[in-house]
Amino acid sequence: MTFRARHLLGIEPLHPTEITELLDTADRYAELNRQGRAPRDVLAGLTQINMFFENSTRTQASFEIAGKRLGADVMNMAMQASSVKKGETLIDTALTLNAMRPDLLVVRHPNSGAVDLLAQKVNCAVLNAGDGRHEHPTQALLDGLTIRRAKGRLHRLSIAICGDIAHSRVARSNIMLLGKMENRIRLIAPPTLMPSGVAEFGVELFDDMEEGLRDVDVVMMLRLQKERMDGGFIPSEREYFHRYGLDAAKLSHARPAAIVMHPGPMNRGVEIDGTIADDINRSVIQEQVEMGVAVRMAAMDLLARNARMGRDETGVMA
Ligand code: NCD
């Protein structure tokens with residue numbers, strides 16, 4: 001079974017072989033990017049529209065670069081300046097854009113489930129660039145690729161995901177992906193930031209960093225998502241850093257070769273010490289950004305191929 005889907009809405013519906021196909025394709029693009037030899041014809045003649053209803057630096061920039069490297073015509077909708085501000089609904093905006101016949105629609109939205117809903121209304125490929133607390137599939141794929149390249153495999157690793165898990169779509173998508181690839185997942189968070197019911201996913205839960213980090217191969221830190229909190233989740237940022245911020249002392253409990261990850265944007269001195277983030281012997285944060293472009297190239301390449309196959313069979317898009 002290989003990746004035959006029309007959309008990339010989440011990790012949840014993917015089979016491990018589909019994940020592997022996406023990662024293998026992305027790995028090839030990562031090498032081509034390093035050699036400056038990305039093929040410009042893969043998405044030539046296709047229109048990609050990026051609709052970001054929420055702030056983004058890395059994700060939006062890398063989707064734009066990925067599309068341009070493969071030859072797509074890329075348009076970034078300035079959602080702050082769009083008719084959304086005049087009260088147009090998400091679906092009306094989507095239908096309007098759909099009428100312009102894009103091939104790829106990249107959407108980030110603050111509401112969980114909004115991107116799935118939108119995908120039902122349009123007839124082009126939709127890529128979820130993050131919906132509320134739900135999923136952020138390309139982030140989990142780029143994290144998986146970064147781990148696979150650093151550790152030489154993406155199975156039977158012990159991986160700690162630490163911090164604000166309750167509000168994190170990055171954590172959710174990673175729990176799915178790393179679980180499907182048969183890794184041991186540990187979640188470390190204060191009880192207020194640990195989502196209820198998460199133990200069902202076969203993960204181990206900790207509220208203490210030293211215990212949770214013991215002998216792990218990968219330490220994935222998360223940002224405190226203050227924009228999704230309505231107060232009262234943590235006593236203070238100082239106290240939070242003291243108990244849950246990754247510093248050299250806490251990291252010493254992980255395996256000596258453990259890598260440190262963070263999806264960005266980072267709050268230095270809140271969830272991670274700046275010197276750890278900048279330590280090129282431990283931190284793979286810049287590689288994550290690099291793999292982000294390669295993973296988005298792979299996802300759009302495979303979706304465009306699937307759309308072509310759908311059209312070949314029926315004459316119009318399935
Ligand atoms: C994450 C996101 O937006 O979900 N960032 C990202 O895409 N690199 C995580 C975050 O905002 O903390």
Side-chain angles (χ1 to χ4, degrees), residues 8-12 26 50-67 76 79-80 106-116 126-147 159-178 187-190 193-195 218-229 233-234 237 240-241 244-246 260-272 274 277 283-300:
L8 180 62
L9 299 175
I11 298 296
E12 192 167 14
N50 296 337
M51 292 168 79
F52 280 67
F53 294 89
E54 220 185 56
N55 295 343
S56 172
T57 308
R58 274 150 288 269
T59 307
Q60 181 163 359
S62 65
F63 264 114
E64 181 174 353
I65 291 170
N76 286 307
M79 299 318 296
Q80 311 297 338
V106 179
V107 187
R108 168 170 285 192
H109 198 278
N111 297 344
S112 308
V115 183
D116 290 49
V126 176
L127 292 100
N128 182 0
D131 64 321
R133 305 175 188 189
H134 179 227
E135 282 239 35
H136 192 353
T138 55
Q139 179 70 43
L141 288 163
L142 77 87
D143 290 336
L145 182 58
T146 306
I147 296 170
I159 299 171
I161 306 178
C162 320
D164 184 0
I165 297 175
H167 299 103
S168 177
R169 54 196 175 207
V170 175
R172 205 166 179 285
S173 289
N174 264 303
I175 291 167
M176 307 269 180
L177 186 145
L178 298 170
L187 304 183
I188 315 175
L193 295 177
M194 188 72 87
V218 177
V219 183
M220 190 181 286
M221 300 307 300
L222 299 171
R223 183 175 66 90
L224 264 188
Q225 309 229 333
K226 283 173 274 184
E227 74 278 19
R228 300 193 206 283
M229 296 180 190
F233 284 91
I234 56 161
E237 288 186 358
Y240 183 82
F241 181 70
Y244 294 98
L246 186 68
V260 173
M261 308 179 75
H262 193 303
M266 249 183 314
N267 290 312
R268 290 168 184 260
V270 180
E271 70 266 358
I272 190 164
S283 161
V284 293
I285 295 172
Q286 295 306 321
E287 280 86 346
Q288 287 175 271
V289 178
E290 183 186 354
M291 291 312 122
V293 176
V295 153
R296 287 159 184 137
M297 290 165 84
M300 292 194 289

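Ligands are counted one by one from 1 in listed order, and the atoms in each one are counted from 1 as well.
With respect to the salt-bridge test (charged N to carboxylate O, under 4.0 angstrom), the residues Glu64 and Arg296 do not qualify. With salt bridges taken as basic N to acidic carboxylate O contacts below 4.0 Å, none links Glu290 and Arg58.
With a 6.0 Å cutoff to the six-membered ring centre and a 45° limit on the axis angle, Arg108 does not count as a cation-pi contact of Phe52.
Within the 4.5 Å cutoff, the side chain of Pro190 has heavy atoms near those of the Tyr244 side chain.
With sequence neighbours excluded, the residues that form a ring-ring contact (aromatic ring centres under 6.0 Å, His included) with Phe233 are His167.
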Would you mind listing each N/O atom of ligand 1 next to any protein N/O under 3.5 Å, plus the distance?
| residue | atom | partner | partner atom | Å |
| --- | --- | --- | --- | --- |
| ligand 1 | 3 (O) | Arg108 | NH1 | 3.3 |
| ligand 1 | 3 (O) | Arg108 | NH2 | 3.2 |
| ligand 1 | 3 (O) | Arg169 | NH2 | 2.9 |
| ligand 1 | 4 (O) | Arg169 | NE | 2.7 |
| ligand 1 | 4 (O) | Arg169 | NH2 | 3.3 |
| ligand 1 | 5 (N) | Gly264 | O | 2.9 |
| ligand 1 | 7 (O) | Thr59 | OG1 | 3.0 |
| ligand 1 | 7 (O) | Arg108 | NH2 | 3.0 |
| ligand 1 | 7 (O) | His136 | NE2 | 2.7 |
| ligand 1 | 8 (N) | Gln139 | OE1 | 3.4 |
| ligand 1 | 8 (N) | Pro263 | O | 3.0 |
| ligand 1 | 8 (N) | Gly264 | O | 3.2 |
| ligand 1 | 11 (O) | Arg223 | NE | 3.4 |
| ligand 1 | 11 (O) | Arg223 | NH2 | 2.9 |
| ligand 1 | 12 (O) | Arg223 | NE | 2.6 |
| ligand 1 | 12 (O) | Arg223 | NH2 | 3.3 |
| ligand 1 | 12 (O) | Gln225 | NE2 | 3.0 |

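Within a 6.0 Å sphere centred on CG of Asn55, heavy atoms belonging to other residues, nucleotides or ligands number 12 at most.
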